[in-house]
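Let me begin by presenting the structure, written as structure tokens, before commenting on it.
Protein chains get the first letters and strands the later ones, always in sequence-line order, with residue 1 at the start of each.
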Amino acid sequence: MISVAAIFDSAVTLALGILSLSFLVTIYRIVKGPTLPDRILGLDMLVAIAIGFIAVIGIKTGYTLYVDVAIALGLVGFLATVAFARFVLSRGKTEDDIITEAREAAAAARREAKAASRSGAGTTTGRPDND
Amino acid sequence: MTEIAMLASAALLVIGSFFALVASVGLLRLPDLYTRMHAASKAGTMGSCLLLIALAIHADDIGTMSRALAGVVFFLLTAPVSSHLLAKAAYAVGYRLHSSSVMDDMKRED
Amino acid sequence: MSLFLVNLLLALTWSAVTGSFSFLNFAFGFVLAIFALSLIREQVGSVGYFSRARRVLSLLVLFLYELVLSAWRVAVMVLSPNMNLKPGIFAYPLRVDRDFEITMLANLITLTPGTLSVDVSDDRRILYVHAIDASDPDAARRDIAEGFERKIMEAFR
């Protein structure tokens, strides 16, 4: 017969292991993106996992102050997500928009440079094309 | 502390961390932002709430217990708000739904 | 709502008089206060208070049940080897009209199986809900209308 304390200890260790794994998986999603809201969602999830982590550590060490840390972290995470959402809204464009804009800007610059070099064909100071 | 409380706490620990893992795997596997939000807002919330409840059961004194439960309530209140805000912002800015989506009533007729 | 405050106040008084602010004693004081209020229900007009409390409680139970169910469904879906998703956004015509109720409904929808509230139209008539399985939006609409919206209307009207 295994003692209850032993079961509890192994449950704590198991929980810590699973949480570490989910931490890593979430970090992979944050690194991979592909868009800003995906990363924000990943960070939100990371805060949730961290709160769980703190709870487990609080159980393991018996140090009750960790509960306050968890609550404060939850507050900060919530505010951070809200602020990020406001930022996404105020930025007002997606990654695709940014890429398209950059391409268009590059194309316009190229066209301009070409036009400049054609109009200035007589002179030798026309700027060279960079493509 | 009684043995039953200890066993319940151990079970909640394992189940809660399992849900956290499921949420992050969902974050990894689901195709677009909006479906990922389902995983994060449901399984993720559930996971950390269960872990906090396990802490509440395990705690000896009433202060820790009530603070942990207050944390659970707080988390349940804020998690849907933040994911709702993020979804709204993302949709308003123009992040598209995944191509496997079957309908979109929100699309403006223009 | 004010009766609930009276209830809390009575429970606090009980804790103060007995000189122990432990959780159990406070809960006992709360039950005692409910009993006291139910004794004088005709005088203070608290007849509706108890049935309302019961309905709020049943909303809470339904919510917790749905939360567990939804987390489980997400788990099953995520862990199944081939995800055959048909996500989509459907419009849900709101029957509740107060800000508080809409907020509550949106939050409950977010934490229930397969649905996530995305936006409310400017005239507060339509709630846009993202569903992870939008193959049958009418059934989803019916579920919300019969479940949470009805319970919210019962509890807060």
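- Contact of A:L75 with chain B is made through backbone and side chain together, with heavy-atom distances under 4.5 Å.
- Atom CZ of A:F84 is surrounded by 12 or fewer heavy atoms from other residues, nucleotides or ligands within 6.0 Å.
- A heavy-atom distance below 4.5 Å is found between the side chains of B:M37 and A:L41.
- For chain B, the nearby part of A:D44 is the side chain; its heavy atoms alone come within less than 4.5 Å.
- Here A:I40 is the residue among A:I49, A:I40, A:I7 with the most heavy-atom pairs under 4.5 Å with chain B.
- No more than 12 heavy atoms of other residues, nucleotides or ligands shown are found within 6.0 angstrom of CD on A:E112.
- We find the CZ-CG distance between B:F18 and A:L14 to be 11.5 Å, quoted to the nearest 0.5 Å.
- Taking B:A10, B:S9, B:S24, B:A20 one by one and counting their heavy-atom pairs under 4.5 Å with chain A, the maximum is reached by B:S24.
- The minimum heavy-atom distance between B:L13 and A:V56, with the atom names listed, is CD2-CG2, 3.7 Å.
- Looking at A:T26, the atoms closer than 4.5 Å to chain B (heavy atoms on both sides) sit in the backbone and in the side chain alike.
- Across B:M6 and A:A5, no two heavy atoms sit closer than the pair CE-CA, 4.2 Å.
- The two atoms that bring A:L19 and B:S17 nearest to each other are CG-CB, 3.9 Å, heavy atoms only.
- Summarising the geometry of B:H58 relative to A:I59, their closest heavy-atom pair is CE1-O, 3.8 Å, with the distance given to 0.1 Å.
- Nearest heavy atoms, A:F78 versus B:S82: CD1-CB, 3.9 Å.
- Heavy atoms only, all atoms of each residue included: A:A85 and B:A89 are closest at O-CB, 3.4 Å.
- In this structure, A:I51 and B:L51 have side chains that are not in contact, with every pair of non-hydrogen atoms separated by 4.5 Å or more.
- Expressed to the nearest 0.5 Å, how far CG of B:L52 lies from CD1 of A:I54 amounts to 9.0 Å.
- With a 4.5 Å cut-off on non-hydrogen atoms, A:R86 does not touch chain B at all.
- For A:L24, no part sits under 4.5 Å from any heavy atom of chain B, backbone or side chain.
- Chain B forms more heavy-atom pairs under 4.5 Å with one residue of A:T81, A:T64, A:L65, A:L79 than with any other, namely A:T64.
- With respect to chain A, the highest number of heavy-atom pairs below 4.5 Å among B:L85, B:V14, B:L21 belongs to B:L21.
- Side chain of A:R29 to main chain of B:L27: a donor-acceptor pair is present (N/O by atom type, distance under 3.5 Å, no hydrogens or angles).
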